[in-house]
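Chain letters run A, B, ... following the sequence lines, proteins first and then strands; every chain starts at 1. Any value given below was found using the heavy atoms of this structure, including those in side chains, with hydrogens, waters and symmetry copies removed.
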2 protein chains.
Amino acid sequence: MTDGVVERSRPRDRILETARDMFHKHGIKGVGVDAITEAAGTNKMTLYRHFESKDELIVECLRANAAKAGAMWDAFEAEFPGDKLAQLHAWVRKAAAMLNADGRGCDMANAAAELTEPDHPARLVIKELKEAQRERLVALCRGAGIGQAELLADTLSLLFEGARVSVQTVGAEGPSTQFVRMAEGLIVSFRGTAAG
Amino acid sequence: MTDGVVERSRPRDRILETARDMFHKHGIKGVGVDAITEAAGTNKMTLYRHFESKDELIVECLRANAAKAGAMWDAFEAEFPGDKLAQLHAWVRKAAAMLNADGRGCDMANAAAELTEPDHPARLVIKELKEAQRERLVALCRGAGIGQAELLADTLSLLFEGARVSVQTVGAEGPSTQFVRMAEGLIVSFRGTAAG
DNA sequence: TCTGGAAGTTACAGACCGGTAACACCCTAG
DNA sequence: CTAGGGTGTTACCGGTCTGTAACTTCCAGA
């Protein structure tokens, strides 16, 4: 499992990585700090030497997720330099792959569902990342020469978000199976009305 | 607040209604049975006389949500008898209204995010309701004379689901503002290719 | 070799959790 | 009037939660 992480790395990194994994699988309120530290091969005191509270650990985990997502966008640019349309199609493929990865939805969305306090520190991070992802998608659509770039980006964004919660509720054999078809169809449709 | 509910009704009904409200606002794991019974103007013993466990209470709350959703569909049929296309547009309007109701997403989806155990009794109820809703939407699309009824229903379904999590993460001023425009556009587009 | 800081260990505090036992009460149906 | 079921009250159980204190161990760098 996470033994590879446990083996050789700093306790802080092991805790962060283990917490990300366990929060993803079991939810935030479904995992205690004791369970995290034990799975990370360390102990609670060490956790509290590196993170001042569980809430801060949660925030750091979400930030780590954001960083990973950012790397994904960079990979699109690296694979298809300058070709924004190709990058957009790469995003569709990547999104579809995420749907089949496991039955769990987006960590950000799940965290938002669990952390209901309006002033919880995690909510700001969640909003920031989601807005950043939206801007990335808008930039791709605009760069691909699509007229109503914002509308297409928002539509694709909602579709993907919906597909992720769909796999979490009815499973991978539900409406989410049509995601690629929907997304590609929308891109074609929006490209056809580029002058709009 | 819920005082209207507390005033004159059976303890079981008060508990159920109060639990629905509190689960919706604060999440399932964010509310204890003590808080529910206190808000419902009763006590824990009475709760456990009517529900054998918190899990059963959760399931009953979700079933009550399902019943309420069913009533919504019936209202569409009552308002536009036989006119499936009008009912479909009514669904779009109703969905948009839900987005602006409060910052919380779908109770079913949120519950699925929180209750990660694969054999949790609530997961079955969630899946059943989501599938029932999908069938209702497919029936509406088919009845409206749309060729690819399943595809349109799934697309609208994912859009709505995505919009609900979007308001929960970035707020009501995010991509979800475009929901009606997207949905109406899709309906027009699918009607245009009815022969498909 | 010595030292200082990071990490591990054990125990604990205080709160909350879901769930139960025992008992007093009240209100309605007969 | 009386009997009984639904309800309220109090106290409690065992477990888990976040977070802390005090102490020991280890290891790298000077």
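- Of the candidates D/dG8, C/dG8, C/dG18, the closest approach to any side-chain atom of B/Asn43 belongs to D/dG8.
- The nearest whole Å value for the distance from the CG atom in A/Asp55 to the C1' atom in D/dC17 is 13 Å.
- At the phosphate of C/dA7, neither OP1 nor OP2 sits under 4.0 Å from any side-chain N or O atom of A/Thr46.
- Rounded to whole Å, the distance from OH on B/Tyr48 to C1' on D/dG8 is 17 Å.
- No more than 12 heavy atoms of other residues, nucleotides or ligands lie within 6.0 Å of NZ in A/Lys68, so this atom counts as exposed by the packing criterion.
- Taking atom CG of B/Asp13 as the reference point, atom C1' of D/dG6 lies 14 Å away to the nearest angstrom.
- With rounding to whole Å, B/Lys54 atom NZ is found 19 Å from D/dG15 atom P.
- One can place NE2 of B/His120 at 13 Å from C1' of C/dG18, the figure rounded to the nearest angstrom.
- Contact annotation: B/Ser53 side-chain N/O to C/dG18 OP1/OP2 distance is not under 4.0 Å.
- One finds no side-chain N or O of B/His50 lying less than 4.0 angstrom from the OP1 or OP2 phosphate oxygen of D/dG6.
- Straight-line distance from the CD1 atom of A/Ile36 to the C1' atom of D/dT18: 11 Å, rounded to whole Å.
- Evaluation of atom-type donor-acceptor distances gives a pair under 3.5 Å for the side chain of B/Arg49 against the base of D/dG8.
- Side-chain polar atoms of A/Thr46 and A/Asn43 form a donor-acceptor pair below 3.5 angstrom.
- The number of heavy-atom neighbours closer than 6.0 Å to CD of B/Glu56, taken from other residues, nucleotides and ligands shown, is above 12.
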Run A/Leu99 and A/Arg164 through side chain to side chain contact (heavy atoms under 4.5 Å, CB included) and show every step you take. CA-CA 6 Å; A/Leu99 293 179; A/Arg164 296 206 76 174; 3.7 Å; yes
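- Ring geometry for A/Phe179 versus A/Trp91: interplanar angle over 60°, hence perpendicular rather than tilted (30 to 60°).
- Out of C/dA21, D/dA21, C/dA7, the shortest distance to the side chain of A/Met45 is found at D/dA21.
- Nucleotide C/dA6 holds its C1' atom 9 Å from the CZ atom of A/Arg10, rounded to whole Å.
- Rounding to whole angstrom units, NZ of residue A/Lys44 and P of D/dT16 are separated by 12 Å.
- Closest-nucleotide positions on DNA chain D for A/Gly32 and B/Thr42 were compared, and the one nearer the 5' end corresponds to B/Thr42.
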